[in-house]
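Bear in mind that the values here come from a model prediction, so they are computed numbers and not experimental data. First listed ligand is number 1; within each ligand, the first listed atom is number 1. When a residue number appears, it is its place in the shown sequence, counting from 1.
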Amino acid sequence: MRTQIQRKILFWQALICFAFLWSNTEAQLRYTIPEELKEGSIVGNVAKDLGLDVSEISNRKLRIASESGKQYFSLNLRNGELLVNEIIDRETLCGQSTSCVLPLQLIIEDPLQFYRVEVDVQDINDNSPSFLSDTHIIDVSESTLTGARFRLEPAQDPDVGSNSLRTYSLNKNDFFVLNVKNDKDGTKVPEIVLQKAVDREKQSIHHLILTGIDGGDPPRSGTTQITVRLLDANDNAPTFEQDLYEIKVIENSAPGTIIQIVKAIDLDDGVHGEIQYAFGSLTPEPIKHLFAIDSNTGELTILKSLDYELSSTYKFDIRARDKGVPVMEGHCRIQVAVIDINDNAPEITIASSPKPVREDAPAGDMIALINVKDLDSGLNGNVTLAISPGTPFKLKPTFSNHFALVTDAQLDREKYPLYHIELIASDSGTPPLVSSKHITVNILDVNDNPPVFSEPVYSVYIKENNAPGSILASVTASDLDTGENAKIVYSVLDNKARDVPVSSYVYINSENGSIFSMHTFDYEKMKVFEIVVHAKDNGSPPLHSNATVRVFILDQNDNVPAVIYPSAVTGSVSHQRMPRSAKTGHLVTKITAVDADSGHNAWLFYRLAEATDASLFNVNLQTGEVRTKRSVSEQDDSSQRLVIEIKDNGDPVKSTTVTVDIIIEDEFPETIKDFREKSTETNTKNGKITLYLIISLAAVSLMVLMTCSILVIKCARSNSGNSSCCIRPADSGYKSSNRNLQIQLNTDGPIKYVEVLGGDMMSQSQSFGSYLSPMSEFSDFTLVKPSSTTNFTDTLNVLDASLPDSAWTFESQQVSA
Ligand SMILES: *[C@@H]1O[C@H](CO)[C@@H](O)[C@H](O)[C@H]1NC(C)=O
Ligand SMILES: *[C@@H]1O[C@H](CO)[C@@H](O)[C@H](O)[C@H]1NC(C)=O
Ligand SMILES: *[C@@H]1O[C@H](CO)[C@@H](O)[C@H](O)[C@H]1NC(C)=O
């Protein structure tokens, strides 16, 4: 202890010296002492330091001139030591100022002198840091983020310098750490920093101890208790029971149906735990029009029926918010899957309208494209397409739900010009929905039908002497095709009738098939002819067909009977002679007449129209024979005149008359001579008639004989065995027998009549017959005016010449052929 004090004193003395040296005016002496020295502690030896003797001190009355009330020091006059009079607390004396110097004035008398002494009171660590209060409460919101700082009250330490507060420490805990911050004035301020989130719901109060430590040696410290109270923050967000709600809703469910109740839980208390539901903030508008959420109950309802076809799923968020401040919220995801029901019928679309199809289209020709669609899904949307059965069409699938309507069989427009096809689409739902659509397929005509005449052969009868330009016949052909393919053009094929082209006889209206005559026909020249009518349609290529029109010209009574005998010259009077000795029935003469007409029109009747003595003569109605009715008597006039009328059987009747003068001769040989003298020419003619007739008959018989023998020879030569060759059959071709002359002989010997067939052999029924003497089987035969030749042809030529308007030619060579 002693050594320590001594050491100190030495130290202080050294300091005093030092002070003395650098400031002897300001303070002659300067002592440094620590504070808190005990009373009586020696500060220094003033006498010694001032160079005063001990005796001098007391003598000259060295004393401390007090400057302030309090006397911290006193002088020991015996040895001149300055002593601590009262314990000095530096902190009381000087507060926080770092230097604390107490000035002293020492006064000595005789002579009066004063010395300035300074005592520098040095700080010692005599104070511990201290806090204003022992406990300190801080309220911290539990929601406070880590890193948040809470300033605490700094500790106080009156010591200065190194003895003042140096640092703080905090008891170890999980949540807070200490941070010491220097204020501008140098105060060290403690802060606690939240280093880990706190949760009121786990621990609502944290107790901390803050310790302030100074820099003394040994250090001193002071503590305070800090209570951290955690305030309930709205730190729990509402949480949904499920993060994701997967909801299935049958489409077309009624509006207002509750599809789900969502629930969120908030651990917080009070309003912090009161939840309100709403759609998530990013929910699109359409969703809000479809769904509704009850903000209090969490009931999710649909506002409208959902349509699977519009959308099969909906996804949105629902937000739950509490009413705390700050508001906390939680979200959940809603996934609504709409369950399809079969509420959409299949839809048929005609992608390309059916085009008209040619009737000759091959099978597989595409007509239309058809699409089907069903808005439903799965089986409800699986569509099958069918067409009405019984049509020559089928559906060919191209790709999914696309079909081509193609031909499947041969078409025939003439049978079915168009088809109404029903397309039936059905889905596979239960029950299935069906829809149908009609399409019409037109079949286009192809020229596959030739014109067909109403009859293959037309027979037309017209009366001769028709007016030229009159309608002869009408032929019609029909064509099953249509349009141009059925448009028929008629024409006449130019075959020949009597070496004259038929087209010069007739004209055909090419449009309606009416045939007009361009000629007057004369039965006596032509009895029948054929027109080949050709009908051609306008198709491409055209089709055609022929029909034959047979025109039969009907006879009319247009010829007056012509008298061949007795006189060919009209108006002249024929002279006949007869013996007076003639008995009853004596053949006086035979009137012969012909009629160019045929049939009834050519039947001639003879009648005695006038007579000098009607009782004497009689004319056979049919034969024209003039006979005596009775024996000629002596009283009878020798000159008799007869007018004989010849009528035909036509309508109207045509007639002519012939006048015959008869001379009754008493003496026949003389009368012959007389007669010769009187009328040589007539006489010669009369006399030769019988002769010519015989010659003619002989010639005819000869010709017939020759013809027969030639035919027999021809037959014999023909070794083909065709026995019928001798009999010319009607079907062997009428053309070869176009001109034929046939003479038919009476079986009894005399010629019954001569029939001249001048027309076609075909016209059997209309054969021209010139009845020289109809119904004359019982009579003699008187024929034709004799001529100088024996040729029968010449005879006929005479006959021909006697007929009016005649242009006939007879070819005898055909007879002999
Ligand atoms: C649709 O239905 C047809 C016939 O019923 C069946 O063959 C086919 O497999 C179905 N397709 C689908 C996708 O269900
Ligand atoms: C054909 O046409 C002609 C001239 O237009 C007419 O005279 C005739 O009567 C028509 N024939 C028919 C059958 O309509
Ligand atoms: C029509 O007659 C003509 C001439 O005879 C002939 O060439 C043609 O082939 C015939 N047409 C038909 C369709 O019979």
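An N or O contact shorter than 3.5 Å is missing between Ser474 and ligand 2 by distance.
Taking the six-membered ring where the residue is Trp, the centroids of Phe529 and Phe552 are separated by 6.0 Å or more.
Relative orientation of the His600 and Trp603 rings is tilted, given thresholds of 30° and 60° on the angle between their planes.
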Can you list every pair where an N/O of ligand 3 is under 3.5 Å from an N/O on the protein?
{"residue": "ligand 3", "atom": "2 (O)", "partner": "Asn546", "partner atom": "ND2", "Å": "2.1"}
{"residue": "ligand 3", "atom": "11 (N)", "partner": "Asn546", "partner atom": "ND2", "Å": "2.9"}
{"residue": "ligand 3", "atom": "14 (O)", "partner": "Asn546", "partner atom": "ND2", "Å": "3.3"}

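A cation-pi arrangement is present between Lys527 and Tyr523, with the terminal nitrogen or guanidinium carbon under 6.0 Å from the aromatic centre and inside a 45° cone about the axis.
Ion pairing of Arg413 with Asp445 is present here, as a side-chain N (NZ or NE/NH1/NH2) and a carboxylate O approach within less than 4.0 Å.
Side-chain contact between Ile553 and Ile462: present, with at least one pair of heavy atoms (C-beta onward) separated by less than 4.5 Å.
When the options Val619, Asn620, Thr623, Val658 are evaluated for a side chain to side chain contact (heavy atoms under 4.5 Å, CB included) with Tyr606, the one that passes is Val619.
When all heavy atoms of Ile348 and Leu423 are compared, the pair lying nearest together is CD1-O, 3.6 Å.
Atoms of ligand 2 found under 4.0 Å from any heavy atom of Asn512 (numbered from 1 in listed order, with element): 1 (C), 2 (O), 3 (C), 8 (C), 10 (C), 11 (N), 12 (C), 14 (O).
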